[in-house]
Amino acid sequence: MTASPETFVIVGAGLAGAKAAETLRGEGFDGRLVMVGDEPERPYERPPLSKDFLRGEADGKPYVHETSFYDENAIELWSSTRVTGLDAGLQELLLEGDRRLGYDRLLLATGAVPRRLDVPGAELDGIHYLRTVADSERIGARLEAGKRLVVVGSGWIGAEIAAAARQKGCEVTMLEMASLPLERVLGPELGRVYLDLHRANGVEFLPETTVDRFEGEGAVRRVITRDGAEIETDFAVVGIGVAPRTGLVETAGLRIDNGIVVDEHLRTSAANVFAAGDVANVRHPFYEQHLRVEHWDTALHQGPVAAKNMLGGSVPYDRIPYFFSDQYDSGMEYSGHATDWDEVVFRGDTDTREFIAFWLKDGRVVAGMNMNVWDVSDPIRELIGSRRQLDPDQLADPDAPLDELLKAAGRPDRDEHALSAWASEGGSF
Ligand SMILES: Cc1cc2nc3c(=O)[nH]c(=O)nc-3n(C[C@H](O)[C@H](O)[C@H](O)COP(=O)(O)OP(=O)(O)OC[C@H]3O[C@@H](n4cnc5c(N)ncnc54)[C@H](O)[C@@H]3O)c2cc1C
């Protein structure tokens, strides 16, 4: 058998890139395969960086593959190498040091970068951001009992850092522009659940609070808020969201709009160039709109879809978005995409934090979140995918099995076999 003369290049050695490389070899691609990443590490998973790895309780770094995987699969992993530009016409990448690398197919999986807080004092030591293993190690080394930490932002990263810091005995103050933690994603009903969770664990939560400046001699010692409050601290972590890393393609003529715009096959507007993971703004066939999803599950599944399409396939990326978070003793999973809803129906008890919440729009489930209740993501995704109107009382009734609800509402317009095959594939339809 002759090896393919083609060169496939993946820029970004994160989860999406690593899963794409694995799939390319798994699907039989035997040409040259190069993965270029600017971090010194081989690809790793980020979720533990704000959880057990941050608390110093993980068993090593959370690598996606063993070191031997890259040699065994003839994947050239160019670590600590930044790609600085793309010539989509010549099908060539520009690398640091003026090197060039040609490709036949290219996957852009460059992820996202934390948004910086641009206020006076932002350059002081002791103000941290969390994206990489190195960031997590730096912050983790500071999580000592009795130390004071200000967390700016109460999205997923901020909330998980606050939880880890409390678990290590730090005194934590969390500042948030909105009224409640996680309110922007989950709305007020679930924001209150997270407020209670953090308060019960000793976090001081300051709502409707923004940072005016940081103060200190060399290192941060105080956070001054816009309403003039002064919070003494030993260090700070800022978690105010991320921006897609589109820098290297900005002059390459690719369509960029909240990330690299791709169709449902993860193809960019340039020939032979694909994008996946946090950086990709993907046309989603179910939602009939573009979605850029910054979650582990998306990187995990878009990498393989991109790989199959790089090999000439036409596989749509149509998975319902999913993510998870662990804070203290409370784990949750969220499925769906809700930006607008009429009501939130609870099945279970928010006080004991064992429940499923359903977001309903026009009587249809658009999202579901299970907290400390497990093995329900597939039926939740099935409810969302069915687009059926459901009885809120039944959704709220813990004795009504979720997989029976669709039957009660009348089956969707697809046959039983197709539906169960869809569910067993993890809800991709
Ligand atoms: C601390 C933390 C905790 C998280 N926890 C959860 C969680 O609990 N649940 C959940 O669902 N999601 C979580 N996420 C989100 C999830 O980890 C991301 O969605 C996922 O990592 C995205 O993978 P990716 O491969 O698209 O991008 P990344 O993992 O960001 O990988 C992209 C890689 O490309 C490199 N790169 C970028 N530009 C260049 C360039 N020009 N040249 C070379 N290399 C380049 C980057 O340095 C990086 O290594 C968390 C994220 C973080 C940071």
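We count ligands from 1, going down the list as the structure has it; atoms in each ligand are counted the same way. Please read these numbers as outputs of a predicted model, since none were measured by experiment.
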Exercise. How close do Trp156 and Leu186 get, heavy atom to heavy atom, and via which atoms?
Worked result: CH2-CD1, 3.8 Å
For this session: Give the residue and atom name of whichever protein heavy atom lies nearest to atom 11 (O) of ligand 1, and the separation in Å to one decimal.
Result: Trp296 N, 3.2 Å
Exercise. Got a salt bridge between Asp38 and Arg245, using NZ or NE/NH1/NH2 to carboxylate O under 4.0 Å?
Worked result: yes
For this session: Please assess Tyr63 against Glu41 for the test side chain to side chain donor-acceptor pair (under 3.5 Å), listing each intermediate value before the final yes or no.
Result: CA-CA 9 Å; Tyr63 292 117; Glu41 307 280 350; 2.5 Å; yes
Exercise. Considering only heavy atoms, which of Gln302, Glu333, Glu294 lies nearest to atom 15 (C) of ligand 1?
Worked result: Glu294
Seminar exercise, completed: Given the options Asp104, Asn272, Thr7, Gln91 meets side-chain hydrogen bond (donor to acceptor under 3.5 Å, both in side chains) only with Asn272
Problem set entry | Atom indices of ligand 1 within 4.0 angstrom of Lys51 heavy atoms, with elements | 5 (N), 6 (C), 7 (C), 8 (O)
Exercise. Considering only the protein, which heavy-atom contact is closest to atom 47 (O) of ligand 1, and what is its distance?
Worked result: Asp38 OD1, 2.4 Å
Seminar exercise, completed: Per-atom filter on ligand 1: closer than 4.0 angstrom to a heavy atom of Glu39 are 47 (O), 48 (C), 49 (O)
Exercise. For ligand 1, is there an N or O atom under 3.5 Å from any N or O atom of Arg245?
Worked result: yes
Exercise. Who's closest to atom 24 (P) of ligand 1 heavy-atom-wise, of Ala299, Ser80, Pro40, Ser50?
Worked result: Ala299
Exercise. Going by the atom numbers of ligand 1, which of them fall below 4.0 Å from some non-hydrogen atom of Phe323?
Worked result: 11 (O)
Problem set entry | CD/Glu66: more than 12 non-hydrogen atoms of other groups inside 6.0 Å | no
Problem set entry | Heavy-atom pair of closest approach, residues Val315 and Asn309 | N-OD1, 2.7 Å
For this session: On the 0 to 90° scale, with breaks at 30° and 60°, tag the His295-Phe323 ring pair as parallel, tilted or perpendicular.
Result: parallel
Seminar exercise, completed: Residue, atom and distance of the protein heavy atom nearest atom 14 (N) of ligand 1 read Pro47 CG, 4.4 Å
For this session: Answer yes or no: does an N/O atom from His295 fall short of 3.5 Å to an N/O atom of ligand 1?
Result: yes
Problem set entry | Pair Asp52 + Arg55, salt bridge at N-O below 4.0 Å | no
Exercise. Of the protein's non-hydrogen atoms, which lies at the shortest distance from atom 9 (N) of ligand 1, and what is that distance?
Worked result: Phe324 O, 2.9 Å
Problem set entry | salt bridge (Lys or Arg N to Asp or Glu O under 4.0 Å) partners of Arg142, counting only residues at least two apart | none
Problem set entry | Within reach of ligand 1, part of Thr81 (heavy-atom separation under 4.0 Å) | backbone
Problem set entry | Nitrogen or oxygen of Val11 less than 3.5 angstrom from that of ligand 1 | no
For this session: Kindly confirm or rule out an N or O of Asp278 lying under 3.5 angstrom from an N or O of ligand 1.
Result: yes
Exercise. Against heavy atoms of Leu15, which atoms of ligand 1 measure under 4.0 Å?
Worked result: 25 (O)
Exercise. Should Val279 be counted as touching ligand 1, given the test is an N or O pair under 3.5 Å?
Worked result: no
For this session: May I ask you to check if Arg105 and Phe274 form a cation-pi contact, with NZ or CZ under 6.0 angstrom from the six-membered ring centre and within 45° of the axis?
Result: no
For this session: Please state which part of Leu248 comes within less than 4.0 Å of ligand 1, counting heavy atoms only: side chain, backbone, both or neither.
Result: side chain
For this session: From atom 27 (O) of ligand 1, work out which of Gly37, Ala109, Gly111 has a heavy atom at the shortest distance.
Result: Gly111
Problem set entry | Residue, atom name and distance, where the atom is the protein heavy atom closest to atom 30 (O) of ligand 1 | Arg131 NH2, 2.7 Å
Exercise. Under 4.0 Å between a Lys/Arg side-chain N and an Asp/Glu carboxylate O for Arg381 and Asp378?
Worked result: yes
Exercise. Does His198 have its ring centroid less than 6.0 Å away from the ring centroid of Tyr328?
Worked result: yes
For this session: Could you establish whether Glu45 and ligand 1 come within less than 4.0 Å of each other, counting only heavy atoms on the residue side?
Result: no
For this session: Over 60° means perpendicular and under 30° means parallel, so classify the ring planes of Phe355 and Phe346, tilted if in between.
Result: perpendicular
For this session: May I ask you to establish whether Arg387 and Phe286 are in a cation-pi arrangement, using a distance under 6.0 Å from NZ or CZ to the six-membered ring centre and at most 45° from the ring axis?
Result: yes
For this session: For Gly12, counting its heavy atoms only, list the atoms of ligand 1 lying under 4.0 Å from any of them.
Result: 33 (C), 34 (O), 35 (C)
Exercise. So which heavy atom in the protein is nearest atom 17 (O) of ligand 1, and how far is it from that ligand atom?
Worked result: Arg46 CB, 3.3 Å
Problem set entry | atom 2 (C) of ligand 1 [closest protein heavy-atom partner, distance rounded to 0.1 Å] | Ile157 CD1, 3.3 Å
Exercise. If you look at every heavy atom in Ser80 and Pro40, which pair is closest and at what distance?
Worked result: OG-CA, 3.3 Å
For this session: Please identify which atoms of ligand 1 are closer than 4.0 Å to at least one heavy atom of Gly277.
Result: 26 (O)
Seminar exercise, completed: atom 25 (O) of ligand 1 has as its nearest protein heavy atom Ala16 N, 2.9 Å
